[in-house]
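In what follows, chains are A, B, ... by sequence order, proteins preceding strands, each numbered from 1. For clarity, every value in this text was computed on a predicted model and none was experimentally measured. In what follows, every heavy atom counts, from backbone to side chain, and hydrogens, waters and symmetry copies are set aside.
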Amino acid sequence: MIMRIETYVENLLQIYLEEKSLKNVKINLDKPKHKNFGDLSTNIALQLASHLKLNPRQIAEEIKNKIKFDKNIIEKIEIAGPGFINFYISNTSYYSSLIQILTEKEEFGKSNIGKNLKTQVEFISANPTGPLTIGHGRQAVLGDTIARLYEACGYDVTREYYFNNAGRQMRILGESVRLRYLELIGEKIEFPEDYYQGTYITDVARVIYEEVGDKFKNDTDITFFKDKAEESVFAEIKKTIARLKFKMDVFYNEKSLYDEGKINEVLELLKKKSLIIEKDGATWFQTSKLGKEQDRVIIKGTGEPTYRLPDIAYHREKFKRGFELIIDIFGADHIATYPDVILALKEMGYDTDKVKVLIHQFVTLMENGKKVKMSTRKANFVTLDELMDEVGEDVTRFFFLMRHMNSHLNFDMNLAKTQSEENPVYYVQYAHARICSIIKVGNEQGITLQKNPPVDLLKTEEETDLIKHLIELPEIIKDSALNNEPHRIIKYLIDTATLFHKFYTECRVIVDDKDLTQARLGLCEATKTVIANGCNLIGISAPQRM
RNA sequence: GCGCCUGUAGCUCAAUUGGAUAGAGCGUUGGAUUCCGGUUCCAAAGGUUGGGGGUUCGAUUCCCUUCAGGCGUACCA
């Protein structure tokens, strides 16, 4: 609805520009942050002022006088400040949108701008060497929420987790389990410092011991131990993810890229482009030929590829699998890697504009006011499960989404606990529960919401402010998705709750006037829908009672 | 050294992508309920947007410079 009004206003301005035969002027329409600057605002007079060398207020006056508008849509036009033209939209324009919320219900806010575009969101992608930590938590919540946002916009989304179960870290993992196993059957062992210190290693060893006894006492092959550890770790990871209320569609194993010859294909393609060189016993990707400062090793002297090569092959597969939008969510430590991957893809002829790499900053763990570098091997991390045990799933999701992903996040468990008690998540959920309660009270008095409540009776400032806000949800979802900024939904929900509480304080819903009661119940119902839809979008519950 | 990210109220964070008077929560101080859930609402105090320069009608936002923190700059992933 707001969209329709925007295009209406835009047309009015366009007509003016055409009459004046002014071309190539971009019309900007903004929603002013201050509500006494109207509902829509344009800076067109300010833009024209420098072209025409006239006083901007004078131009604004002229535009205001020339424009002929429908009083049912625009209430009035004002000129303010240095020459802004502010449009006040009439209340009647909003009422039909409010009814629309009541009819669309769960569907309200969704759109189909994505047109089923085949989209992949890759996130977490932690190798199975230990439980998910709060660091992964931020990425997990961000990734899933971005996926939900795109789904709400009509994209066909696949959530994908990429992992590597070969390599050095996994060997150390297997070896760590084997040593703990030997310890359990009474052998004397020395447990190296750089092995995995976590207690979950001993847990896996114990399970093995209970299953097979001391059968592997003299077996130095770690494959069995490694596989058992991987199986157990992955089972835990999947459980943790399920607690966060989502599910990965695909777990993609890096190993398959080797088995199916994809690694060699990439190598051949880059060779054909003369971008591969042998030097110092290793194989290099000549990124210097593509404008970078230095070349990169992609196959080590040992014959093992570095991580860049499989990353390139994996991303090529993403294209070959038909994804038209590829969203990668990485931690800040990947910042140096992906430009090389993008370069390689571009050279192989893929449209790299389809790849969006989102880098989020790290969660740094605070202990006694000091920063601790988290390491899975040293086991000095806080797991995501521990966090959820302490503060609950809803708060966990909310906590990670409140911040912009570019901001560094200092994490302190004590702070998380105290914050959870005064967390805005409860503020939002409380608004929802309160509405449910009002509806219930109404029902007990035999009052139920009719089909087309007379919402034009809603005229107080608290009512119209709330209505104007509610009908913005579709725009907020689109903006939030397209900019990959889930925290906007959080802010929107908090604002929704605030406006509702203000309305509640000033306007009694169930009153003697039956029509007014209907109108206000309609507003309550619409607010409930918006909060529930918003909560669902960020993966938190909207409870009936608290 | 170089590259990327960050620096906003005492604390944790916003700011519609260059707009008008930089906003919320927590904390502090004071106030509101005979009534649908007080986990609520209202008000006050609190700012040189790290510092300095520039671009223009207009800068938290863009450019330069400087300071501070994080990450990277591996034949580790």
Would you say the base of [N] and the side-chain of [X] have a donor-acceptor pair closer than 3.5 Å?
X: A/Asp333; N: B/G72; result: no
X: A/His408; N: B/C5; result: yes
X: A/Arg488; N: B/U17; result: yes
X: A/Thr337; N: B/A77; result: no

Within the structure shown, what part of the strands sits under 4.0 Å from A/Asn43 by heavy-atom distance: base, sugar-phosphate, or nothing?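 Base: the residue A/Asn43, judged by heavy atoms under 4.0 Å, touches a nucleobase.
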Have a look at A/Tyr307 and say if it touches a base, only the backbone sugar-phosphate, or nothing, with a 4.0 Å heavy-atom cut-off.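 A/Tyr307: base contact, heavy atoms under 4.0 Å.
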[N] and [M]: how far apart are their [atom1] atoms, nearest whole angstrom?
N: B/G23; M: B/U56; atom1: P; value: 27 Å
N: B/U8; M: B/U49; atom1: C1'; value: 4 Å
N: B/G46; M: B/C64; atom1: C1'; value: 33 Å
N: B/A45; M: B/U6; atom1: C1'; value: 29 Å
N: B/A68; M: B/G50; atom1: C1'; value: 8 Å
N: B/G7; M: B/U12; atom1: P; value: 13 Å
N: B/A22; M: B/A59; atom1: P; value: 12 Å
N: B/C5; M: B/C42; atom1: C1'; value: 40 Å

Could you tell me if the side chain of A/Asn253 sits less than 4.5 Å from the side chain of A/Asp259, heavy atoms only?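 Not in contact.
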Should A/Arg434 and A/Tyr504 count as side-chain neighbours, where that means a heavy-atom distance under 4.5 Å?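 Yes - at least one pair of side-chain heavy atoms lies under 4.5 Å apart.
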Think A/Arg403 has a side-chain N or O under 4.0 angstrom from the OP1 or OP2 of B/C13?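 Looking at the OP1 and OP2 atoms of B/C13, one of them is under 4.0 Å from a side-chain N or O of A/Arg403.
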Does A/Tyr504 have a side-chain nitrogen or oxygen under 4.0 Å from the phosphate oxygens OP1 or OP2 of B/G38?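 Checking B/G38 against A/Tyr504, a side-chain N or O does come within under 4.0 Å of OP1 or OP2.
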Anti/syn call for B/U65, syn if |chi| within 90°: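 With its glycosidic angle more than 90° from zero, B/U65 counts as anti.
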Please answer whether B/A20 and A/Phe37 are stacked, defined here as ring centres separated by less than 5.5 Å and planes angled under 30°.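 Per 5.5 Å and 30° rule: yes, stacked.
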Does the ring of A/Phe84 meet both stacking tests against the six-membered base ring of B/A20: centre distance under 5.5 Å and plane angle under 30°?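 It does: the ring sits over the base of B/A20.
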If we call it a pair only when both distances are under 3.5 Å in a Watson-Crick or G-U wobble match, what pairs with B/A9?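 B/A9 is unpaired by these criteria.
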For B/C71, give the paired nucleotide (Watson-Crick: N1-N3 plus N6-O4 or O6-N4; G-U: N1-O2 and O6-N3; both under 3.5 Å), or none.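 Pairing partner: B/G3.
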Check whether more than 12 heavy atoms from other residues, nucleotides or ligands sit under 6.0 Å from atom CG of A/Asp512, and answer yes or no.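 No, because the 6.0 Å sphere around CG of A/Asp512 holds 12 heavy atoms or fewer from other groups.
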Map A/His501 and A/Lys300 onto RNA chain B by nearest heavy atom, then report which one ends up closer to the 5' terminus.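 Looking at RNA chain B, the more 5' nearest nucleotide goes with A/His501.
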Given RNA chain B, 5'-ward residue of the pair A/Gly301 and A/Asn86, judged by closest heavy atom: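 In this pair, the answer is A/Asn86.
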As a test of understanding, state which of A/His469, A/His432, A/Lys491 forms a side-chain hydrogen bond (donor to acceptor under 3.5 Å, both in side chains) with A/Thr496.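 Filter result, single survivor: A/His469.
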Grab the N/O contacts between the protein and nucleotides 24-32 of chain B below 3.5 Å, and write none if there aren't any.
{"unit_1": "B/C26", "atom_1": "O2'", "unit_2": "A/Glu422", "atom_2": "OE2", "d": "3.3"}

